[in-house]
Amino acid sequence: MSKDLILSFKHAISKAFAELYDHELPFESVKIEKTNPSFEGSFTFVVFPYLRVTKSKPEATAEAIGEHVLSSMDEVKATNVVKGFLNFEITDQYWIAYMSGLLRSERLGKPTATPEKIMVEYSSPNTNKPLHLGHVRNNLLGFSISQILSYYGHDVIKANLINDRGIHICKSMLAYNLFANEETPETNGTKGDHLVGKYYVEFDKAYRQEQSDLIDSGKTEEEAKLQSKLMADARDMLTKWEQGDDETLALWNKLNGWVYEGFETSYTRMGVDFDTYYKESNTYLLGKKMVQDGLEKGIFFKKEDGSIWVDLTDYGLDQKLLLRADGTSVYMTQDIGTADLKYKDYAMDRSIYVVGNEQEYHFKVLKLILKKLGQPYAEGVQHMSYGMVELPSGKLKTREGKVVDADDLMDEMHATAKERTEEQGKTDGLAKESMQELFETLGLGALKYFLLKVDPTKRILFNPADSIDFQGNTGTFIQYTHARGQSILRSSAITPSVAEHVELNGYEQNLIAHFFQFDDVLKEAAQQMSPALIAQHLYDTAKNYNSFYNQCPILKAENEDIIGLRLALTQVTVTMLQTCGNLLGMAMPDKM
RNA sequence: GGUCCAAUAGCUCAACUGGAUAGAGCAGCUGCCUUCUAAGCAGCAGGUUUCAGGUUCGAGUCCUGAUUGGAUCACCA
């Protein structure tokens, strides 16, 4: 119903061109924009591009088209012209009917007409260390994008590809054997992923000590590297792992098990989840056969040493290694195999990889290789590339301890939320349990909004010295507005309703016109895979509502029609905040 | 060095993909709680959109060049 208004404009303007200027302007190409807030009206048509057709001045053209549209569309109350801008003002009747529809509708936002099956892979952690702030951004983005695509009407499968094998986990295993004295998460009271991460750092420490000892005893840096016993032992462990050595596998299983438990706790707390898991230990061999097949078909080539390569110089890229001379697989080999396995499992239309922009080259190459292999799913491979999270001192680096730990950060956010709430004396009348829940909701809400409101493609600078805000353009502001709206709905005996002939003031009309934008926002957010657009809409919703709230008494309005209308505005605002909050994975408290 | 990306208020970010007077928040300053939640609202101040050219009715947005910062070009993942 609602979107027909824009369509009507397009047809009316197209018709005006035909009748006034004898010019055929396809209605699809008519651009209707939102009117800049400093001018009267809700929708704008810019005539500048058509002056060649109309052969008259901008003002005259706009006036003429305006008159024509005004007489053909009941929804248009008035028009005004500023230079080449033709602004349309909409009748209260239209807004009221639209609002009435919103209040009755089951869901806000129009789903897509052509649903697809889409896999979204995100998180994809290594099992040698706990999650940090970079992973938090990845997890929140991946989850939110999944929510958005799913709400938009697609069939979404959330996947996590766990990098559970390789030299990195062997380092933790080796250090555990050397230094741990059989300690476990239970005996130590530490989360499993943190315990394993501790030994990853221990390895690095011991390795550096070994290196400096070797250099002190007169070796060069290169010699020291080659003579490292620790590194040799780690590699040896990897070989044993690949050979299926029982003892090594047992240790590997034990440590990884701890890590999974730790991750699961963090995921649950963050509010993200997955429909399916892939483990690299199961998929790393799959790509080999595809590479061999490609070699036989002449798509790839073999070098003298027996290694297999793909030549991408035709695409302006280099040659890329696909299989080592000793037959072991590399990252690309695994990803080729995993892509194929995913498709065999789900036969999806699109496969989205939520991975940092440092891997843009890798995914460009992956897609080209799959195309060369003639895989039907190659075209659907899509890298959702996002910017890194950086500290003032630069990139996050686990080994150097330059890292913001995910669990610590969530603890801090919880603690800050508690502090702020107590400062304001808002803990009265809350049970201890629901207080804990509220602090968690507020702390995590602030964190999620902070990370999701910025354009995913841009990098984020995080300064641990200034804490994440709870005031202004923040998650807290959104949550506060929600709690405020809920409070009013709770305390009213009157049911929200939209009477047919109420008059709208500017605040009310702004709010409705803002609701009107949501269809577009949802569509754009789904197409661009940008939770930031949802966050922006969320902020504007809260901003508009608060402004309205401050100017217009709701429960004490002049008559029941106005009370009903303002309650209806409150109701739809609350629903909008919940809906969009949900798309960002943010919980909305009823009281705060 | 090749390729790609970014640069907007003191700080952190917007700007509907070429439209009107570049907008928010934080920080600073002024007002508003005896009325539905002041984690709020209203306002002041803050800008040569890194620089130099170009394209056109019109450029933060497009093209060229420069400067600065980042990523990548691994038999790491």
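As a basis for the values below, the full set of heavy atoms in this structure was taken, side chains included, without hydrogen atoms, waters or symmetry mates. Letters A, B, ... mirror the listed sequences (proteins, then strands); counts begin at 1.
- In the model, A:D164 has no side-chain atom that pairs as donor or acceptor with a side-chain atom of A:N256 under 3.5 Å.
- If you check every strand for non-hydrogen atoms under 4.0 Å, A:L461 touches sugar and phosphate atoms only.
- In this model, the phosphate group of B:A14 is not approached by any side-chain N or O of A:Q536 to a distance below 4.0 Å at OP1 or OP2.
- Applying the 4.0 Å criterion to OP1 and OP2 of B:A77, one finds that A:Y331 has every side-chain N and O outside that range.
- Contacts of A:D590 with the nucleic acid, taken as non-hydrogen atoms under 4.0 Å apart, include base atoms.
- Contact annotation: A:S547 side-chain N/O to B:A42 OP1/OP2 distance is under 4.0 Å.
- Nucleic acid contact class of A:E280 (heavy atoms, under 4.0 Å, all strands): sugar-phosphate only.
- With values rounded to the nearest 0.5 angstrom, A:N138 atom CG is found 9.0 Å from A:E121 atom CD.
- For the residue pair A:R484/A:N546, the side-chain donor-acceptor check at 3.5 Å is satisfied.
- Heavy atoms of A:M592 sit under 4.0 angstrom from at least one base atom.
- Phosphate contact (OP1/OP2 of B:G69, side-chain N/O of A:K458, threshold under 4.0 Å): absent.
- In this structure, A:S487 does not reach the B:C36 phosphate: none of its side-chain N or O atoms is under 4.0 Å from OP1 or OP2.
- Here A:Q424 lies in heavy-atom contact (under 4.0 Å) with a base.
- Across all strands shown, A:F39 has heavy atoms under 4.0 Å from base atoms, whether or not it also approaches the sugar-phosphate.
- Judged by distance alone, with hydrogens and angles left aside, A:Q528 brings a side-chain donor or acceptor within reach of the base of B:U17, the pair sitting under 3.5 Å.
- Within 4.0 Å of A:D540, counting heavy atoms only, lies no atom of the nucleic acid at all.
- Residues A:L286 and A:T283 are in side-chain contact: their nearest non-hydrogen atoms beyond the backbone lie under 4.5 Å apart.
- Between A:E59 and A:K83 there is no salt bridge, since no side-chain nitrogen of the basic residue lies less than 4.0 Å from a carboxylate oxygen of the acidic one.
- More than 90° away from 0 lies the glycosidic angle of B:C51, which makes this nucleotide anti.
- Of the listed nucleotides (B:A20, B:C36, B:C73), B:A20 has the atom at the smallest distance from the side chain of A:N36.
- A:E360 and A:S385 form a side-chain donor-acceptor contact under 3.5 Å, judged by distance and modelled atom types alone.
- Both A:F85 and A:L533 lie close to RNA chain B; mapped to their nearest nucleotides by heavy-atom distance, the more 5′-ward contact belongs to A:L533.
- Using modelled atom types, one finds a donor on one side chain and an acceptor on the other under 3.5 Å when comparing A:N87 with A:N80.
- Taking the six-membered ring where the residue is Trp, the centroids of A:F9 and A:F88 are separated by under 6.0 Å.
- Salt bridge annotation for A:D204-A:R208: present, with a cationic side-chain nitrogen under 4.0 angstrom from a carboxylate oxygen.
- Judged by distance alone, with hydrogens and angles left aside, A:T44 brings a side-chain donor or acceptor within reach of the base of B:A20, the pair sitting under 3.5 Å.
- If you check distances only, the side chain of A:T421 does reach the base of B:A39 with a donor-acceptor pair under 3.5 Å.
- Nucleic acid contact for A:K426: base, since at least one base atom lies under 4.0 Å from a heavy atom of the residue.
- A:P49 comes within contact range of at least one nucleobase, with a heavy-atom separation under 4.0 Å.
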Worksheet item: Reading RNA chain B 5' to 3', how would its secondary structure be written in dot-bracket notation, given Watson-Crick and G-U pairs with both distances under 3.5 Å, brackets [ ] for crossing pairs and | for partners on other strands?
Response: (((((((..((((.....[...)))).(((((.......))))).....(((((..]....))))))))))))....
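- Looking at A:D305, its side chain comes within 3.5 Å of the base of B:C75 through a donor and an acceptor atom.
- One donor-acceptor pair, N or O on each side, does fall under 3.5 Å between the base of B:A20 and the side chain of A:N87.
- RNA chain B is contacted by both A:K591 and A:T35; A:T35 maps to the nucleotide lying nearer its 5′ end (nearest heavy atom per residue).
- The C1' atoms of B:U56 and B:C63 are separated by 13 Å, rounded to the nearest whole Å.
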